[in-house]
Structures are given as C-alpha cells and as structure tokens.
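First comes the structure, then the notes that go with it.
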Amino acid sequence: MKRPRSIRARDTVIAAVVSVLVLGALAVAVDLIVRDVVTSQMLSQTQLAGRRVSGAVRDGTLRTPIPADADGIMLQVVGPDGRVRNANRAAWGRPPVSDLRPTAEQRIHDYVECGRPGYPRCMLVEAIRATTAPDSVVVYAAAPMPVMLTSGLLEALLGTIVLLLSAAVAYVTWRMVGRTLRPVEEIRTQLSEITASDLSRRVPEPPGEDEIAQLARTANETLRRLEHAVARQRQFASDASHELRTPIAALRANLEDAAMHPDDTDLEEVVRAALRDTDRLESIITDLLLLARIGTGGAAAQERIDFTDLVTAELARRNPPVCLRTDLHPGIEVRGVRMQLVRLLHNLLDNAERYAETFIEVRLARDPAAPDPHLVLTVTDDGVGIPEPDRERVFERFTRLDTARSRSAGGTGLGLAIARDIATAHNGTLTIEDTPKGARFALRLPLT
Ligand code: ADP
C-alpha cells in the first residue's frame with residue numbers, strides 16, 4: 001500500500017487499523033466467552049433434565065407424558081427400534097431428536113445436532129443410555145441453540161460494532177489531527193508567500209507553549225533575523241556604491257577637465273590625483289572583500305597563536321609619532337586566523353596613532369572579570385575621544401565622525417566594522433570603554 005503523504009491521512013489510517021485490530025481481538029474474545037457461557041448453562045440444564053429422566057426410567061417411575069421441565073427443553077425416551085416411547089410436551093409427536101445411541105461403555109454423550117427433520121434449529125443434546133442392557137432405551141434431553149449463536153448473528157453484530165467504533169476512532173483522529181495541524185498549514189501558507197523582497201511578514205503564532213507555537217516563534221525569529229540581514233546587506237550595498245561613487249566622480253571630473261582644457265592642465269598633477277583616487281578605490285574594495293570573507297573559513301582556517309608575540313611584532317613594525325606605553329602579559333594564547341587578528345590590531349593602532357595627542361597605551365592581560373578564560377587587550381589614546389552616543393555607531397560600516405580628518409588620512413570608514421567583525425568571528429567582543437581623556441578600545445577574546 002502506498003503510504004499517504006499527509007500526516008493527517010497517515011495518522012487516521014494508523015488509528016483505524018490499530019482500533020480494528022484491538023477491537024477485533026476484543027470482539028473474538030467476547031464471542032468465545034458468550035458462546036462458552038451460554039452453552040455451558042444450557043448444557044447443565046439438559047444434563048440435569050436428562051439424568052432425572054434416565055433415573056426415573058431405571059426406577060420405573062417415569063410418567064407419560066414426561067412432566068414439564070426447565071423452559072424449552074425437549075425430552076424423549078427412544079427405544080432400541082428407534083421409536084419414541086415417551087416424551088414431554090415440548091417434544092410430543094415429533095420424530096426422535098437424534099439417531100446417536102450411546103454404547104454400554106460410554107452411556108452419556110453431549111453434542112450439537114443440526115438439520116434433523118422436524119427440528120428447524122440446531123440443538124444441544126444430552127443422550128443417556130438408561131441402562132447397560134442391550135435393549136436399553138435412550139433418553140434425549142435437547143435444548144434448541146439460540147439463533148444468535150447458530151446463525152452467525154452474534155459475529156455479525158460484534159463485527160458491526162467493531163467497524164462502527166473503528167470508524168468513530170478514525171473520524172475523531174481525522175478531526176483532532178486536522179485541528180492540531182491547522183496552525184501548521186497557516187504557517188506554511190504564510191511562509192510560502194513570504195519572499196526575499198517582503199520579509200516584514202510574520203507567521204501566525206498560536207497561543208500556548210506547545211511544539212507548534214515554538215515552531216511559529218522560531219520561524220518568526222528566523223524571519224526577523226533574515227529581514228535584518230537583508231536590510232543590512234541592502235544598506236551595505238547602497239553605502240558601498242555611494243563610497244565608490246565619490247572617488248570615481250572626482251576621478252572623472254579631473255579627467256574631463258584635463259580633456260577639455262589640455263593646455264591649462266598640469267598633467268603630472270592630474271595623474272597624481274588620479275592615482276590617489278584609484279588607491280582609495282582599491283583600498284575600499286580590498287576592505288569590502290575582507291569584510292565579506294570574515295568568518296567564512298570556519299574552524300579549519302584557525303591556528304594556535306601566541307597573541308603576546310603577535311602584538312609585540314605589530315608594535316615593533318610601527319613608529320608612532322607619540323609616546324608608546326605598553327604593558328603586555330607574556331604567553332597569552334588564542335586560536336584564530338593570524339592575518340585577521342593582525343588586521344584587527346592594525347586598524348586599532350592606526351586609529352590611535354591618527355587621533356593621539358601625546359601618547360598611546362597598549363595593555364594585554366587575562367580578563368579577571370570574565371567567567372571563562374579570556375584575554376583583554378586595550379588600546380588607549382589621548383585624542384578627541386568618542387562621545388558616548390557614538391560608541392556603537394562607529395562600528396557600523398562607513399561611519400566617520402570626523403569626516404575631513406579620517407578621509408584625508410585615507411580612512412575608508414570600514415576599519416572598525418572590520419575589526420569588530422573579526423572579533424565576533426573569533427567569539428570575542430570589541431567595545432569602547434570609558435577613559436578620562438581620549439578613546440579606549442577593548443578587545444576580549446577567549447583563550448585556548
Ligand atoms: P576610518 O577609516 O574613518 O578610520 P574607522 O571605522 O576606523 O574608519 O573609524 C570610524 C570612525 O570612528 C572614525 O571616522 C572616527 O571618527 C572614529 N574613531 C575611530 N577611532 C578613533 C579614536 N581612536 N579616537 C577618536 N575617534 C575615533
């Protein structure tokens with residue numbers, strides 16, 4: 001049989017099959033018990049009546065006709081010639097109840113006799129040979145079997161009950177599963193209608209805490225994140241094109257000007273300006289590519305790194321215009337992508353150098369406040385600082401607080417965004433902390 005594709009149909013079929021099996025077994029048991037109870041009760045009546053008559057035959061006290069006995073029991077005394085010699089009213093004038101003549105060895109027989117001429121129904125018969133003598137009469141006590149048992153009516157009735165109950169079980173299952181799955185269907189319909197261009201819609205959340213309610217909530221949470229990510233991507237694409245457009249426009253204006261007035265043009269200056277703009281374009285594109293790649297390599301791209309050595313080497317490469325104070329705890333190790341961590345340091349130190357007035361301070365230590373072992377690296381300068389309300393905004397792409405200064409210094413506005421993405425990709429954080437003067441960036445990374 002092909003398995004139904006819908007959960008509703010499948011559950012209904014399973015419930016129906018199981019109930020037919022269980023109720024069927026129950027019905028068979030009931031059938032057997034009813035048959036057993038009815039026949040054993042009839043048997044005890046026929047036995048009693050038969051024995052009483054055969055006792056009277058032996059004593060010679062049997063009257064004609066045989067006095068009435070328990071309801072509906074037919075009693076006959078049949079001679080060896082097969083002729084009915086005596087009977088009670090129920091069996092009077094009828095042919096013998098049975099032809100079976102018990103032997104002298106086994107004087108008593110219980111059995112069911114069917115299809116006897118003159119007896120429309122099957123009978124439960126007790127045949128007793130009155131004596132062991134060869135010409136002994138046989139006493140028959142017979143009770144007609146209830147129609148219920150002989151015609152298959154009982155089985156038909158039980159079968160009908162089983163089918164009706166199973167149909168009821170199947171119907172209830174169908175309704176209940178349908179009601180349970182209705183929210184799922186609503187969620188599915190909504191989800192199928194939601195496209196990348198319209199992520200603002202949400203699936204209906206059924207009340208309560210059950211699995212379906214949780215599914216709906218998770219779906220909505222995923223949609224919310226997707227919407228946020230798509231909005232960010234869109235914003236990023238528009239910011240990126242805007243950023244790229246500015247140097248391209250400058251380049252174009254310069255070149256057009258030179259083409260229109262070749263005689264008034266200082267070619268060398270035009271080329272130099274063009275190179276500056278191309279450099280800018282190049283660094284923006286390099287940063288954008290880096291941003292797109294951060295966190296895509298997975299754990300395989302990571303290696304064990306002595307972070308103290310890494311910071312020391314990066315500081316040694318530099319020649320800051322201001323006083324450099326350092327306090328680096330030795331032998332602090334992390335797992336990470338070396339090139340990215342160097343880039344992160346580079347961006348923080350570049351900014352510090354750009355803004356510091358008299359000093360830069362770099363400290364590296366284990367973070368005493370973190371519950372798991374973490375390092376904390378702070379880069380502090382005594383420049384203009386970053387006002388409290390801007391401390392999250394500066395990590396966004398293309399944010400520049402001090403446009404003239406950072407652009408003239410070749411900043412793409414992506415440095416801190418890249419630095420934070422790298423920190424996040426290494427399961428760490430990058431934040432701005434309070435300091436009496438200037439700015440303090442704090443990087444926290446889990447230790448190996
Ligand atoms: P940019 O390429 O412009 O330096 P960043 O993402 O590195 O871009 O920095 C974003 C902005 O954050 C900068 O334009 C500047 O306004 C501010 N900023 C970054 N570092 C510092 C600092 N050490 N002191 C003051 N302002 C800073």
Side-chain angles (χ1 to χ4, degrees), residues 232 235-247 250 276-295 311 314-315 318-326 339-364 376-425 428-444:
R232 252 175 70 104
Q235 183 63 38
F236 180 58
S238 108
D239 289 349
S241 357
H242 185 76
E243 286 300 312
L244 292 171
R245 194 183 286 149
T246 316
R276 266 202 309 278
D277 289 329
T278 330
D279 277 351
R280 234 190 111 57
L281 283 171
E282 207 176 333
S283 47
I284 293 176
I285 289 169
T286 313
D287 279 359
L288 286 175
L289 274 176
L290 176 63
L291 259 179
R293 283 206 197 112
I294 294 169
V311 177
E314 178 61 26
L315 289 173
R318 296 179 167 260
N319 192 10
V322 292
C323 165
L324 175 67
R325 300 183 206 155
T326 57
M339 203 204 73
Q340 292 183 357
L341 291 176
V342 168
R343 179 63 196 257
L344 191 165
L345 270 180
H346 180 87
N347 288 2
L348 292 184
L349 292 170
D350 266 5
N351 281 346
E353 280 182 17
R354 195 179 302 156
Y355 291 94
E357 280 171 15
T358 61
F359 75 88
I360 298 173
E361 186 186 73
V362 181
R363 284 168 173 274
L364 173 63
V376 53
L377 171 89
T378 54
V379 177
T380 315
D381 65 66
D382 62 345
V384 287
I386 299 172
E388 178 84 51
D390 293 324
R391 288 191 181 167
E392 268 308 302
R393 207 162 67 81
V394 289
F395 290 106
E396 285 169 17
R397 294 158 182 192
F398 301 116
T399 303
R400 295 189 192 91
L401 300 182
D402 171 9
T403 319
R405 192 168 180 172
S406 46
R407 206 167 261 166
S408 67
T412 58
L414 290 169
L416 288 179
I418 290 174
R420 177 168 268 186
D421 276 10
I422 292 174
T424 310
T429 58
L430 177 63
T431 50
I432 299 175
E433 295 187 343
D434 286 335
T435 177
K437 179 170 166 41
R440 169 176 292 165
F441 286 84
L443 168 73
R444 287 183 172 77

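All values reported here derive from a predicted model rather than from experimental measurement. When reading the values below, keep in mind they use all heavy atoms of this one structure, side chains included, and skip hydrogens, waters and symmetry mates. Counting starts at 1 for both ligands and their atoms, in listed order.
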Any N or O of Val384 closer than 3.5 Å to N or O of ligand 1: no
Arg354: numbered ligand 1 atoms lying under 4.0 Å from its heavy atoms: 1 (P), 4 (O)
Ligand 1 versus Asn347: contacting region, heavy-atom distance under 4.0 Å: neither
Nearest-0.5 Å distance, CG of residue Leu244 to CD1 of residue Ile285: 5.5 Å
Heavy-atom gap Gly413 to ligand 1 smaller than 4.0 Å: yes
Those atoms of ligand 1 less than 4.0 Å from some heavy atom in Ile386: 18 (N), 21 (C), 25 (C), 26 (N), 27 (C)
Residue among Leu288, Ile418, Ile284 satisfying side-chain contact (heavy atoms from CB on, under 4.5 Å) with Thr412: Ile284
Criterion side chain to side chain contact (heavy atoms under 4.5 Å, CB included) on Leu345 and Leu315, from CA distance to verdict: CA-CA 9 Å; Leu345 270 180; Leu315 289 173; over 6 Å; no
From Leu443 atom CG to Leu364 atom CG, the distance as rounded to the nearest 0.5 Å: 9.0 Å
NZ/NE/NH1/NH2 to OD/OE distance under 4.0 Å, Glu243 and Arg397: no
Contact atoms of ligand 1, heavy-atom distance to Arg400 under 4.0 Å: 3 (O), 14 (O)
Note: Arg343-Asp350 ion pair, threshold 4.0 Å (strictly below): no
Contact atoms of ligand 1, heavy-atom distance to Leu416 under 4.0 Å: 5 (P), 6 (O), 7 (O), 9 (O), 10 (C), 12 (O), 19 (C)
Contacting atoms of ligand 1, where contact means under 4.0 angstrom from a heavy atom of Asp381: 22 (C), 23 (N)
Lys/Arg N to Asp/Glu carboxylate O, Arg391 vs Glu388, below 4.0 Å: yes
Atoms of ligand 1, numbered as shown, that sit under 4.0 Å from any heavy atom of Thr399: 10 (C), 11 (C), 14 (O)
Ligand 1-proximal atoms of Phe441, by part, heavy-atom distance under 4.0 Å: side chain
